[in-house]
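So the structure is just underneath, and the comments pick up after that.
Quick note: numbers below take in every heavy atom, side chains included, and nothing from hydrogens, waters or symmetry partners. Sequence positions, counted from 1, serve as the residue numbers for this chain. Order of appearance sets the numbers: ligands from 1, and atoms from 1 within every ligand.
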Amino acid sequence: MLEVSGLSVSYGLHRALEDVSLGVGAAEIVVILGANGAGKTTLLKAVANTVPAEPGRCVVLGGRDVSELPAHLLVEEGLALVPEGRGIFGELTVRENLLLGAYPKRARAGEAATLERVLALFPRLSERLGQTARTMSGGEQQMVAIGRALMSNPTVLLLDEPSLGLSPLMSGELFAALGRVRETGIGVLLVEQNARRSLAIADRAYLIETGRIVGEGPAARLRDDPAVRRAYLGEA
Ligand code: ATP
């Protein structure tokens, strides 16, 4: 569904990403694990083309080479990014925030049906459609942000640290919702600090260190790998 190869990004003289290649299939959750500053956010932004990558990369989405497309056209192709910090509009209602997500042409015609699907994925939002977004809890705001991205009718969803700052209970609800998103056939590329929870839900994982992919595999295997447990799950 999404195939990325040869992705490198530099900020001035600092090489933040070095020749990264990865893939996300339909109905698959893929998690990127790495320490602070490893390049995880940069990776998502470079895939979504909101930071410039170096020449030579290849991004294929649904079989189409989209390497040269600007960010807004990638949304039309079915790629949706939920940035860290959510970026929802606090003064607008939940419904208004969600409907803003349906701006791409690919989403407009099916807007009402997509809204129904999003509310089925996040039942908590259907009770709060008229509520001003800034008065929602952190976890609910994250659901609004993900719901808004889903309103663009994506085939691949990129999520940057969705559980950041959420209570364990709310994180659990969020990860359960991501499982339901996967059941709809959408591919999810997830950046997470919460390695334990994300490895529990993901199908596959990539490990990133100082801008390079240093490991990858089925999440179930990485969960049991002693080196991964020490480095990412905080075990002695
Ligand atoms: P975190 O988990 O702390 O958010 P991360 O793995 O997402 O970290 P990035 O935010 O991608 O890491 O940053 C990777 C590296 O690039 C870091 O060393 C960071 O300081 C640097 N960097 C990120 N954005 C910029 C920028 N706009 N200008 C200069 N350097 C940047």
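- For atom 29 (C) of ligand 1, the nearest protein heavy atom (residue, atom name, distance) is Tyr11 CB, 3.3 Å.
- In summary, the side chains of Glu68 and Asn49 do not present any donor paired with an acceptor at a separation below 3.5 Å, with no hydrogens or angles considered.
- In this model, no donor atom of one side chain and acceptor atom of the other lie less than 3.5 Å apart for Gln131 and Thr93.
- Scored by the salt bridge (Lys or Arg N to Asp or Glu O under 4.0 Å) test, Arg182 finds Asp203 as partners (sequence neighbours excluded).
- Salt-bridge check for Glu54 with Arg15: passed, with a basic side-chain N closer than 4.0 Å to an acidic carboxylate O.
- For ligand 1, the atoms closer than 4.0 angstrom to any heavy atom of Gly37 are 1 (P), 3 (O), 5 (P), 6 (O), 8 (O), 12 (O), 14 (C), 15 (C), 17 (C), 18 (O).
- Annotation: atom 3 (O) of ligand 1 to nearest protein heavy atom, Asn36 OD1, 3.2 Å.
- Close approach of ligand 1 to Thr42 is summarised as follows: ligand atoms under 4.0 Å from at least one heavy atom of the residue are 9 (P), 11 (O), 13 (O), 14 (C).
- Side-chain contact of Thr41 with Asp160: a donor-acceptor pair under 3.5 Å is present, judged by distance alone.
- Atom 11 (O) of ligand 1 is approached by the protein to below 4.0 angstrom, counting heavy atoms only.
- Below 4.0 Å from some heavy atom of Gln193 lie the following atoms of ligand 1, by number and element: 2 (O).
- Contact annotation: Gly34 has no heavy atom less than 4.0 Å from any atom of ligand 1.
- Close approach to Thr41 involves these atoms of ligand 1, each under 4.0 Å from a residue heavy atom: 4 (O), 5 (P), 7 (O), 10 (O), 11 (O).
- Distances from atom 19 (C) of ligand 1 to the protein include no heavy-atom value under 4.0 Å.
- A donor-acceptor pair shorter than 3.5 Å can be found between the side chains of Glu192 and Ser163.
- Under 4.0 angstrom from ligand 1, there are no non-hydrogen atoms of Lys45.
- With ligand atoms numbered from 1 in the order given, ligand 1 contributes 16 (O) to contacts under 4.0 Å with heavy atoms of Ala16.
- The closest approach between a heavy atom of Ala35 and any atom of ligand 1 is below 4.0 Å.
- Within ligand 1, counting atoms from 1 as listed, the ones closer than 4.0 Å to a heavy atom of Lys40 are 1 (P), 2 (O), 5 (P), 6 (O), 7 (O), 8 (O), 11 (O), 12 (O).
- The shortest side-chain heavy-atom distance between Arg117 and Leu150 does not fall under the 4.5 Å cut-off.
- By the neighbour-count criterion of 12 heavy atoms within 6.0 Å, atom CZ of Arg106 is densely surrounded, having more than that number from other residues, nucleotides or ligands.
- Counting only N and O atoms by type, the side chains of Arg230 and Tyr232 include no donor and acceptor under 3.5 Å apart.
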